[in-house]
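Here is the structure we will look at.
Here is the naming used below: chain letters follow the sequence lines, and residue numbers restart at 1 for every chain. When reading the values below, keep in mind they use all heavy atoms of this one structure, side chains included, and skip hydrogens, waters and symmetry mates.
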Amino acid sequence: MGKIALHWFRHGLRLHDNTPLQKAIAGCTSLIPLYILDTEYFKPGKVGINRMGFLLDSLKALDTDLRAIGSRLYVAKGDPEEVIGKFIKEHKIGAVSFERDTEPYNKVMDGKIINLTKELNVEAFPLWGHTMFDPEYLLALNNGDAPLTMTSFLRLMSEAGDPPKPIDPPKSLPPPPADSLVCKDVFIFQGVPTLSDLTEYEFNPKDYTTWFVAGEKEGIRVMNEFLAQKRRVSTFEKPKTDPTALQPDTTALSPYITRGSLSSRTFYHGLKDTLKGMKSSKPPVSLKGQLYWREMAYLIGFSVPNFNQMEGNPICKQIPWLTGDDAKALLDKWEMGQTGFPAVDAVMNQLRTEGWMHHLARHLVACFLTRGDLWVTWELGRDVFEKHLVDADWSINNFSWHWLSCSAFFHQYFRCYSPIAFFKKTDPNGNYIKKHVPILAKFPDKYIYEPWTAPKGIQIACACIIGKDYPKPMVEHQFVCQENKSRMKKAYDTSKKRDSGEPPAKKLKQNNLSKYRTK
DNA sequence: GCCGCGTTGAATAA
DNA sequence: TTATTCAACGCGGC
């Protein structure tokens, strides 16, 4: 009798550059490719329809790709530890492979699964693959701590060199034990579920409106299409791209990389090959730089305790943000695109309908919610982004909210985005606003960023009365922005005093690289 | 302790 | 278009 292996798909919803999958199939005669929808991880109410729809479409595409090489995907629902335990026992699984993860919840889960395989005496292949490098290796290379500045991270990258080359997808896979698998007390969907199969989320399929097409094939296609534009690749500078462009001015690869449909190593080496012998922009603004930002965010998320909150987070400035019901009322207006600032509302409308917006557009609205205008805790804004984004990514999202709220990494709180001025630089006519806040579409260009300044006659002619059909601005930007800057100064001064009061215990730094030396 | 720097500010001056 | 100023920064190298 041959050996049955189970490959548990985590983030890496792909066949190319999938090391744990390759390990699993090396010694087995039958393979169970399994995805587990964990409703603790994807909590109903916390996950929006575009994010979930994109996940399901990614699974559907994965199933199609698996079927093309003699296999298929099984989708179960429940707690991964329970599900995998039951599968091992009932199906006499001999080996379990999966991609290790850096997020706190998933790290704990990794440990549980590893223990489970030990208890049941099953071979296990928990391997890194969602990042370019093994994060434990990078930490060891950096004496145990994650670098907190891009400059120091780039130093670490130059020590680490190129990440491993991506490995090819398998040409065929061992067949599953049966087309219709059952497992006692485990809920297994018939095929890949659709949005309406997930009744506990109460989605209305009509609201699934993102334009992104999911899947590994599509991710690779989009990447290749971008890489073919050599000039665009070699001159790419992130801060110079246009947040108000009606078609993405960046690669828009983030949903594929986040879902693991596209390997970050594949993109890295694709860039390297494309730019061979060419002059090109440099990190951190270049495309390679964007991969480094991602890698840095993952390493920090992996090693900093309580990285998803302010309290107990050693790198996070302690700032007396609004929380609770006061914050919730402001947050709701922000989330629903009802702030009265057309630029902010356009971005939030794009978030809810498309599940994606340009990086600088995220900056504008994140600054507005926190240190710029509303003084609402970044944790709540983070949750809203995480709910709606098709590229929702725990590490990058938390990293960016630290940055924008001046809680860590970036500290020049006096540099504040203006909800009126910022988009005028790239979109003086307000075309982006006219698209995403259609009720304002008739306003003359000169009023599009400040419609409340339009004379009553013009408001009537545009069939949009400010304060009735579209809200008045919820704050006076100039005023609150100044007030918040002094609040920030106060919070920074307080934290300085506290820091000097109790010097941090000297940490013993140790370079523990020996276990990574292969030759 | 000083100084230069930091992926992506705004307003103003030249 | 580019440089300077704006009250307001921390980090890290020296």
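At the heavy-atom level, Ser152(A) lies nowhere under 4.0 Å from the strands shown. Among the heavy atoms of the strands, none lies under 4.0 Å from Arg371(A).
Between Asp383(A) and Lys387(A) there is no salt bridge, since no side-chain N of the basic residue sits under 4.0 Å from a carboxylate O of the acidic one. Taking a cutoff of 4.0 Å between a charged side-chain nitrogen and a carboxylate oxygen, Arg155(A) and Glu159(A) do not qualify as a salt bridge. Using a cut-off of 4.0 Å between Lys/Arg side-chain N and Asp/Glu carboxylate O, Asp17(A) and Arg265(A) are scored as salt-bridged. A salt bridge does not link Asp325(A) to Lys328(A): none of the charged nitrogens lies less than 4.0 Å from a carboxylate oxygen. One finds a salt bridge joining Glu136(A) and Arg100(A) here, because a Lys/Arg side-chain nitrogen approaches an Asp/Glu carboxylate oxygen to under 4.0 Å. The pair Lys434(A)-Asp445(A) meets the salt-bridge criterion, since a charged nitrogen lies less than 4.0 angstrom from a carboxylate oxygen. A salt bridge does not link Asp427(A) with Lys435(A): none of the charged nitrogens is closer than 4.0 Å to a carboxylate oxygen.
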Letter by letter from the 5' end, nucleotides 7-14 of chain B scores (B base, S sugar-phosphate only, - none; protein heavy atoms under 4.0 Å) BBBSS---

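Note: CZ (Phe153(A)) to C1' (dC11(C)) measures 18 Å, nearest angstrom. When rounded to the nearest whole Å, the span between CD1 of Ile319(A) and P of dA8(C) equals 19 Å. In this entry the distance linking CG of Asp493(A) with C1' of dA7(C) reads 12 Å, nearest Å. Summarising the geometry, the separation between CD on Gln482(A) and P on dC6(C) is reported as 14 Å, rounded to the nearest angstrom. To the nearest angstrom, P of dC9(C) lies 16 Å from CG of Asn484(A). Between Phe409(A) atom CZ and dC5(B) atom C1' there is a gap of 18 Å when expressed in whole angstrom units. Straight-line distance from the OH atom of Tyr413(A) to the P atom of dC11(C): 13 Å, rounded to whole Å. dC6(C) atom P lies 16 Å from atom NZ of Lys489(A), rounded to whole Å.
Distances shown here put a side-chain N or O of Lys496(A) below 4.0 Å from the OP1 or OP2 atom of dG10(C).
Nucleotides dT4(C) and dG4(B) place their P atoms 15 Å apart, quoted to the nearest Å. Rounded to a whole angstrom, the distance from the P atom of dT7(B) to that of dG13(C) is 14 Å. Of the P atoms belonging to dA7(C) and dA13(B), the separation is 14 Å, rounded to the nearest Å.
There is a side-chain donor-acceptor pair under 3.5 Å between Tyr298(A) and Asp393(A). For the residue pair Arg382(A) / His402(A), no side-chain donor-acceptor distance below 3.5 Å is found, with atom types taken as modelled.
Ring geometry for Trp211(A) against Trp356(A) counts as perpendicular: the plane angle is over 60°, on a 0 to 90° scale with 30° as the lower cut.
DNA chain B lies under 4.0 Å from no heavy atom of any residue of residues 156-163 of chain A.
DNA chain C contains the following stems of three or more consecutive Watson-Crick or G-U pairs, with both distances under 3.5 Å: B:1-6 with C:9-14, B:9-14 with C:1-6.
A ring-centre distance under 6.0 Å is found for Trp128(A) and Phe302(A). Ring pair Phe409(A)/Phe399(A): centre-to-centre distance below 6.0 Å.
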